[in-house]
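The chain is numbered in sequence order, starting from 1.
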Amino acid sequence: MPIFVDRRLNPKDKSLGNRQRFLKRAREELKRSIRDRIRTGKIADVDSEHAVSMPARGTGEPSFSDAKDSGRRQHILPGNKHFAPGDRVPKPGQGGGGSSPGKTASEDEFRFVLSREEVLDLFFEDLELPDMVKLNLKEILSFKPRRAGFAATGSPTNINVGRTMRNSHGRRIALRRPKQEELDAIAKQLAILEAEPQSAAPARQRIAALREELERLERRRKRIAYVDPVDIRFNRFDAQPVPNANAVMFCLMDVSGSMGEREKDLAKRFFVLLHLFLKRRYDRTEIVFIRHTHEAQEVDEETFFYNTQSGGTVVSTALEEMHRIVAQRYPSNEWNIYAAQASDGDNFVTDSERCIGLMDGQIMRLCQYFAYVEIIDERESHIFGSTDNGTSLWRAYSVVNQRWPNFQMSRIANAADIYPVFRQLFARQPVLQKSA
């Protein structure tokens with residue numbers, strides 16, 4: 001009978017190989033469980049560990065066993081007074097009004113804890129930014145030198161004089177190399193004694209001793225170099241990759257007075273999901289946050305999600321601010337430009353006409369993809385689902401939607417709609433062609 005022994009090391013007493021094989025087998029069930037939890041929970045909770053329940057079927061690990069219909073087998077079954085081989089033991093009751101004990105065998109669901117990385121991998125597995133690469137654009141990874149300490153070898157041009165002399169000084173102190181001051185003092189003392197009459201024997205012995213000491217120090221000084229090759233240190237540089245971020249996502253959110261707390265909460269949840277998606281799948285993508293009332297301004301991430309500013313509504317200001325930033329920092333011939341906009345659709349009629357002009361004349365000519373999400377009342381969701389009548393901004397963007405295949409729009413009525421709409425807008429192979 002063959003014996004298989006797995007001697008691979010696993011960190012912290014965990015079998016990573018078995019875990020990955022299990023994830024592969026149960027991937028679809030895990031994805032379904034995660035999506036159901038996100039629909040009923042908070043979008044921000046995506047970026048955390050999740051404990052998901054799975055049916056017991058399919059969770060067993062494959063194993064080798066003896067064939068029941070061939071070969072010779074010998075085994076001993078211990079006997080007892082109550083059970084025989086094949087008897088089924090009833091599951092004990094839970095008490096306190098639970099179900100009564102029965103004779104049907106069953107198994108509890110399997111509870112599986114996924115790490116943050118595993119959750120995000122499953123959550124964003126089949127999503128991507130549409131039309132990511134331009135025709136003449138390639139992502140080039142450049143490198144620049146970055147200081148990384150010191151090295152014992154290197155180019156002479158990279159010698160660090162300060163560190164080299166510090167090492168030299170320490171070595172000379174440790175080996176007790178004579179200083180020039182000591183030699184000069186002995187030489188001066190010897191010159192004074194030689195200039196005097198040398199009639200006395202002690203004077204001649206003193207001179208001989210000084211000469212011998214001077215010679216000894218000279219020999220020691222020559223053996224211990226002032227700067228030894230072992231002292232030399234070179235500046236060390238590592239090539240640090242500098243990714244050329246070739247994609248930028250503009251997040252435009254309406255925070256005017258017409259956007260109530262419910263509408264702002266749904267819009268923020270949508271952008272939290274988009275933010276997690278971009279950070280997870282496209283770490284070299286820049287994100288620009290723009291908030292607007294009757295005025296628009298570029299803000300940081302903290303202000304975008306948590307600031308309480310409010311005011312009137314002029315949507316065109318956000319489009320103008322986006323166009324200004326693109327012109328200053330993101331030339332369209334070098335960058336893949338994306339935009340996602342969330343609003344309740346409330347806008348001045350005249351400004352909605354201006355939005356059509358900006359989208360047709362400037363924005364859509366620069367963007368690879370533009371997604372518009374409108375936050376609507378739950379009571380009106382069934383009405384908007386069957387007709388194109390809607391808010392002023394929705395009607396204006398419907399015109400843009402018919403003209404540009406890289407424009408998509410959808411509506412969100414409640415938190416459960418966020419993830420389906422997000423998948424509709426950022427599916428791996430979105431349908432961008434529109435009928436006339």
Side-chain angles (χ1 to χ4, degrees), residues 42-44 249-275 288-325 339-360 363 370-401 407-418 420-422 424-425:
K42 295 182 179 180
I43 295 298
M249 171 64 77
F250 285 86
C251 297
L252 290 70
M253 182 168 64
D254 183 359
V255 293
S256 61
S258 62
M259 290 277 288
E261 290 300 321
R262 171 186 165 276
E263 287 77 11
K264 289 181 181 179
D265 178 67
L266 292 178
K268 290 176 181 178
R269 289 190 180 202
F270 174 80
F271 282 116
V272 165
L273 189 58
L274 177 61
H275 189 233
V288 178
F289 298 101
I290 298 177
R291 292 164 54 99
H292 78 88
T293 53
H294 59 284
E295 297 178 347
Q297 59 179 339
E298 180 183 2
V299 296
D300 57 19
E301 178 182 340
E302 183 75 15
T303 304
F304 185 83
F305 286 108
Y306 301 108
N307 193 274
T308 58
Q309 178 186 3
S310 186
T313 308
V314 181
V315 177
S316 62
T317 57
L319 301 178
E320 291 172 347
E321 179 69 8
M322 173 182 169
H323 184 264
R324 182 189 66 81
I325 295 174
Q341 182 179 7
S343 173
D344 63 344
D346 186 25
N347 194 26
F348 292 107
V349 177
T350 55
D351 189 65
S352 296
E353 294 296 328
R354 175 165 176 73
C355 289
I356 296 177
L358 288 172
M359 295 291 284
D360 285 339
I363 303 298
F370 195 108
Y372 171 66
V373 175
E374 186 162 292
I375 313 299
I376 62 174
D377 195 302
E378 293 180 285
R379 297 169 297 181
E380 301 174 347
S381 58
H382 66 284
I383 301 177
F384 288 148
S386 59
T387 177
D388 286 338
N389 293 330
T391 62
S392 172
L393 189 59
W394 181 267
R395 292 193 298 269
Y397 277 166
S398 296
V399 177
V400 181
N401 189 39
F407 183 90
Q408 294 287 328
M409 55 195 300
S410 186
R411 290 187 172 107
I412 293 177
N414 50 58
D417 296 336
I418 295 177
V421 167
F422 184 82
Q424 172 191 340
L425 296 175

In chain order, what residues pass the side chain to side chain contact (heavy atoms under 4.5 Å, CB included) check against [X], with sequence neighbours excluded?
{"X": "S352", "answer": "N347, S392, A396"}
{"X": "D360", "answer": "I356, V400, R403, W404"}
{"X": "H294", "answer": "V314"}
{"X": "A342", "answer": "A267, F271"}

Only counting residues at least two apart or in another chain, list the ones meeting salt bridge (charged side-chain N to carboxylate O under 4.0 Å, His left out) with R324.
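By the salt bridge (charged side-chain N to carboxylate O under 4.0 Å, His left out) rule, R324 matches E321.
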
Hey, which of V421, T391, I376 is the one that makes side-chain contact (heavy atoms from CB on, under 4.5 Å) with R411?
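Exactly one pass, corresponding to I376.
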
Sorted by first residue and then second, give each salt bridge (charged side-chain N to carboxylate O under 4.0 Å, His left out) pair with at least one member in residues 291-316; sequence neighbours left out.
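Sorted pair list: E298-R329.
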
Would you list the pairs meeting salt bridge (charged side-chain N to carboxylate O under 4.0 Å, His left out) in which at least one residue belongs to residues 339-354, sequence neighbours left out?
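For residues 339-354, and leaving out neighbouring residues, the salt bridge (charged side-chain N to carboxylate O under 4.0 Å, His left out) pairs sorted by first residue read E320-R354.
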
Looking only at heavy atoms, what is the nearest atom pair of A318 and H292, with distance?
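A318 and H292 have their closest heavy atoms at CB-CD2, 3.6 Å.
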
Taking all atoms of both residues into account, what is the closest heavy-atom pair of F370 and Q341, and its distance?
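F370 and Q341 have their closest heavy atoms at CZ-OE1, 3.5 Å.
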
Could I get the full list of ring pair (Phe, Tyr, Trp, His ring centres under 6.0 Å) partners for Y372, not counting sequence neighbours?
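For Y372 the ring pair (Phe, Tyr, Trp, His ring centres under 6.0 Å) partners, ignoring immediate neighbours, are Y397.
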
Would you say T317 and T293 make side-chain contact, with heavy atoms under 4.5 Å?
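No - every pair of side-chain heavy atoms lies 4.5 Å or more apart.
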
Is I290 close to M322 at the side-chain level, that is, under 4.5 Å between some pair of heavy atoms?
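Counting from C-beta outward, M322 and I290 do come under 4.5 Å.
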
